[in-house]
Amino acid sequence: MARIYPVVKQMQRRDGAFHKPVKDLKDLFFFFDYPFDGPVDTVEKPYGAMAKKRDLADVVFQKGESLSLEGYEITVSPALIIIRSPSLAGVFYATLTLQQMVNQGPNLPCVVINDAPDLKIRGLMLDISRNKVPTLATLKNIIVMMSQLKMNHLELYVEGFSFGYPSFTKYLEADGFISVEEYQELETYANAHFIDLVPNQNGFGHMAKWLATEEFKDLAEQPEGIFLWGRHRPPSTLNPLDPQSLELIKTLYRDMLSIARSKYFNMNFDEPFELGKGRSKTACEEKGLGNVYIDFVLKAYAEIKKYQKTPLIWGDVLIHHPELLHRLPSDMLFIDWGYDGNYPFSAHLQKLHDLGIKFLAAPGTSSWCSFLGRKDDWLENITNACLQVKTLNGEGIILTDWGDFGHLQFLPISYAPLVLAGLMSWRVQEGTQFLLRDYLNQYVFLDQANIMADTIIDLGLYYHYLNEYRSNGTTTFHNFMWATVAVKEKNPIEYFLERSKTTILSSSKHALLEQFLALQTKALTQTKMVDGQLIVSELKQSIQLVLLIQYLNQSFNEELSIKERLSFVQKILDAETAFLAQQEELWLARNKAGGLKDSLEYLHKFFLFSQQTKKHLQRGGAYGA
């Protein structure tokens with residue numbers, strides 16, 4: 001028998017086969033030996049018609065009282081298939097497994113399978129707040145992909161105006177948010193696939209869009225903003241001492257939590273960068289920053305409990321104040337997040353375990369700030385998260401997929417890390433990475449040539465050809481970022497070079513990178529995917545963006561003549577019109593139109609800086625010229 005995904009806990013082969021060939025579960029008759037709790041009729045059912053009585057059934061569902069909540073047992077004998085589980089979720093997962101067995105051939109072998117997940121929460125958090133809001137069809141496709149992996153938790157990250165708040169309709173951009181009606185439709189769809197759609201709303205840091213409004217600008221901790229990571233940033237943190245800050249998030253909670261069925265809520269509260277630097281400075285000096293932070297957390301917690309929700313909270317502030325964690329409510333779930341391969345989940349989660357804090361780990365897809373992913377990082381990051389959560393009896397994982405700086409990466413870049421997180425959160429075991437190729441080609445890309453999986457994973461290795469490793473991104477992204485910021489500086493060229501000169505590749509290294517990307521582009525033409533042209537186009541666009549950025553990089557390569565450097569810049573400018581048109585077309589294939597203009601603005605600035613670079617080179621290209 002071929003492999004079952006995710007890997008089952010126990011499987012014992014027995015002699016014989018089921019008495020009739022089976023091509024699809026919908027060809028079988030099913031019978032429930034007992035009434036299940038829950039809305040059976042609303043559940044996405046991968047099985048067929050119900051038999052009128054037991055002795056006419058091919059498959060019988062029985063109550064598995066001794067099994068874990070999501071666990072199941074499948075017994076295939078020549079006469080009958082029996083599925084035991086204490087829950088409809090377990091029934092659903094069992095039928096997914098049975099369908100995979102059927103897919104491997106019509107003669108179903110006799111077998112006994114015992115299975116259950118290693119981690120309780122197996123989730124994904126998708127950023128819908130950095131310009132890109134997926135269509136409902138895109139989100140439903142993600143839910144189906146997650147359900148096939150037996151994942152059970154989905155969050156749509158909200159900051160700013162990406163949710164259709166009834167109280168703040170004046171701030172909503174047309175076709176740029178998830179409406180209440182869409183959220184409820186999506187929630188029903190997710191629940192039918194046994195995925196909990198968990199509401200998510202930031203309410204402390206990451207409040208820049210709210211603080212940019214006339215109505216709420218006075219709630220900023222530091223109205224002048226902050227200089228951070230090499231550039232000035234507008235205010236993004238609420239003043240926790242202002243009662244109106246709490247009133248704002250109370251309204252946000254009312255609009256969102258009152259319509260959400262999940263028992264959980266991710267309150268976020270991460271990265272309050274300005275905390276203690278502005279209006280709360282004196283209070284933080286007197287009471288300690290950690291206490292001021294937790295005081296505001298507890299006020300928000302009291303509001304959340306009015307909606308009977310269990311809050312989840314990011315741990316980037318709290319992990320530095322272990323002496324204060326006793327102040328957290330006992331039901332609050334602490335999320336330790338980090339996205340590089342060397343992130344210390346082992347040390348952080350051990351600390352939380354020893355303190356008796358309920359915790360989850362949040363690794364990342366590494367798709368953002370990279371364009372093509374960072375394979376070494378997501379592989380190590382996800383693996384470590386799952387292993388440490390299982391070892392230390394944590395609650396589970398939430399894989400994050402962010403959209404920093406215009407959300408310019410395309411969704412398929414996240415497919416491989418999503419599959420790894422799904423496979424490994426169900427069954428934490430060595431060697432899970434070697435299952436990716438087969439699963440991706442067979443169940444995600446439907447590639448009969450078995451090429452796409454290796455191609456998309458290998459693209460995430462392009463940063464091996466760069467000069468430096470960068471945390472939470474690649475130097476190619478940083479070249480792009482500094483170019484877009486430089487256009488408004490007094491001396492754009494000098495500004496860019498001061499931040500990017502160590503990333504300029506030698507001519508030979510640039511040639512190797514070009515050859516690597518050309519090989520992957522050629523591989524894309526060899527795939528045989530069902531309806532795969534969109535994915536191929538998205539990957540080619542991503543490859544081209546990396547190349548255009550590296551052409552800019554080469555325009556500052558002093559190994560080259562001015563003429564050669566100008567030729568690289570001209571390649572960028574010649575590509576501008578077609579590239580922007582293709583970017584818009586590909587964006588709209590999966591996402592709403594709202595936010596597209598703002599995302600494209602990053603690309604416009606990149607091309608503008610390339611034009612500035614051309615003029616600089618035409619003047620002789622001297623540093624400071």
Side-chain angles (χ1 to χ4, degrees), residues 117-125 153 155 204-205 228-229 266-273 275-276 288-291 293-294 297 311-366 368-370 374-402 417 420-421 423-433 468-473:
D118 282 341
L119 304 186
K120 176 183 173 183
I121 294 175
R122 307 174 299 281
L124 169 69
M125 194 215 67
H153 179 113
E155 299 180 23
F204 197 174
L228 184 69
W229 297 328
N266 192 338
M267 64 191 293
N268 294 282
F269 269 49
D270 59 312
E271 298 184 328
F273 294 126
L275 181 63
L289 185 145
N291 279 315
Y293 177 86
I294 292 178
V297 167
L312 289 69
I313 187 169
W314 297 117
D316 50 300
V317 176
L318 295 168
I319 197 68
H320 300 293
H321 300 278
E323 75 285 357
L324 301 178
L325 294 184
H326 68 276
R327 294 190 60 197
L328 295 180
S330 61
D331 64 334
M332 183 175 283
L333 299 181
F334 185 115
I335 311 173
D336 186 46
W337 61 269
Y339 309 130
D340 294 328
N342 63 353
Y343 184 77
F345 279 123
S346 56
H348 285 189
L349 301 186
Q350 183 69 61
K351 181 188 298 184
L352 296 171
H353 174 269
D354 292 346
L355 291 170
I357 302 293
K358 294 179 181 178
F359 64 85
L360 299 98
T365 64
S366 292
W368 65 95
C369 301
S370 69
R374 300 186 298 142
K375 187 252 185 172
D376 291 348
D377 284 280
W378 61 253
L379 177 61
E380 187 76 6
N381 187 231
I382 295 168
T383 300
N384 287 343
C386 292
L387 176 61
Q388 295 303 324
V389 169
K390 181 184 178 184
T391 300
L392 297 168
N393 298 312
E395 297 293 307
I397 68 158
I398 301 173
L399 179 70
T400 60
D401 193 48
W402 298 105
L420 179 66
L423 295 177
M424 199 157 189
S425 59
W426 182 272
R427 183 69 58 244
V428 181
Q429 66 174 25
E430 298 89 342
T432 301
Q433 70 185 85
E468 302 171 10
Y469 173 83
R470 294 281 175 90
S471 173
N472 203 37

I'd like to check F269 versus Y293 (side-chain heavy atoms, cut-off strictly below 4.5 Å). Are they in contact? yes

List in chain and number order the residues that pass side-chain hydrogen bond (donor to acceptor under 3.5 Å, both in side chains) with D316, two or more places apart in sequence or in another chain; answer none if no residue qualifies. W337

Would you check if L360 and F334 make a side-chain contact, meaning some heavy-atom pair closer than 4.5 Å? no

For T365, all residues meeting side-chain contact (heavy atoms from CB on, under 4.5 Å), sequence neighbours excluded: S367, W368, L399, D401, S414, P417

Going by atom type alone, with no hydrogens or angles, which donor-acceptor pairs under 3.5 Å involve a side-chain atom of residues 347-357 and a protein atom two or more places apart or on another chain?
{"from": "H348", "atom 1": "ND1", "to": "D336", "atom 2": "OD1", "distance (Å)": "3.1"}
{"from": "H348", "atom 1": "ND1", "to": "D336", "atom 2": "OD2", "distance (Å)": "3.3"}
{"from": "H348", "atom 1": "ND1", "to": "Y343", "atom 2": "OH", "distance (Å)": "2.8"}
{"from": "Q350", "atom 1": "NE2", "to": "D354", "atom 2": "OD1", "distance (Å)": "2.9"}

Search all heavy atoms of P363 against all heavy atoms of F345 and return the closest pair with its distance. N-CZ, 4.0 Å

Got D118 and S425 here, is their nearest side-chain heavy-atom distance under 4.5 Å? no

Any non-hydrogen side-chain atom of E155 less than 4.5 Å from a side-chain atom of L312? yes

Validation row: N291, L324 side chains within 4.5 angstrom (heavy atoms): yes

Inter-residue atom distance K358.NZ - L328.CG, 0.5 Å rounding: 12.5 Å

Residues which pass side-chain contact (heavy atoms from CB on, under 4.5 Å) with N342, listed by chain and number, not counting sequence neighbours: D340

Donor + acceptor pair across side chains of Y339, W402 (<3.5 Å): yes

Using every non-hydrogen atom in the two residues, find where P311 and M267 come nearest and quote the distance to one decimal. CB-SD, 3.8 Å

Non-hydrogen side-chain atoms of Q429 and T432 separated by less than 4.5 Å: yes

Taking atom CD of E430 as the centre, does the number of heavy atoms from other residues, nucleotides or ligands within less than 6.0 Å exceed 12? no

By side-chain contact (heavy atoms from CB on, under 4.5 Å) - contacts of L228 (at least two apart): I226, R233, F273

Which pair of heavy atoms, one from G364 and one from W378, lies closest together, and at what distance? O-CB, 3.6 Å

Shortest non-hydrogen contact from V428 to M424? CG2-O, 3.1 Å

Heavy-atom distance under 4.5 Å between the side chains of L318 and I313, does that happen here? yes

Over all atoms of both residues, closest heavy-atom pair of K120 and R122: O-NH1, 3.2 Å

Residues 382-395 side chain polar contacts: donor-acceptor under 3.5 Å, at least two apart:
{"from": "T383", "atom 1": "OG1", "to": "L379", "atom 2": "O", "distance (Å)": "2.7"}
{"from": "N384", "atom 1": "ND2", "to": "E380", "atom 2": "O", "distance (Å)": "3.3"}
{"from": "T391", "atom 1": "OG1", "to": "L387", "atom 2": "O", "distance (Å)": "2.8"}

Tell me, with the steps shown, if L124 and I398 meet side chain to side chain contact (heavy atoms under 4.5 Å, CB included). CA-CA 5 Å; L124 169 69; I398 301 173; 6.0 Å; no

Is it the case that the side chain of D377 and the backbone of S366 share a donor-acceptor pair, with hydrogens and angles ignored and the cut-off at 3.5 Å? no

Given side chains that start at C-beta, do those of N266 and I335 come closer than 4.5 Å, heavy atoms only? yes

Under 3.5 Å, is there a donor-acceptor pair between the side chain of R470 and the main chain of E468? no

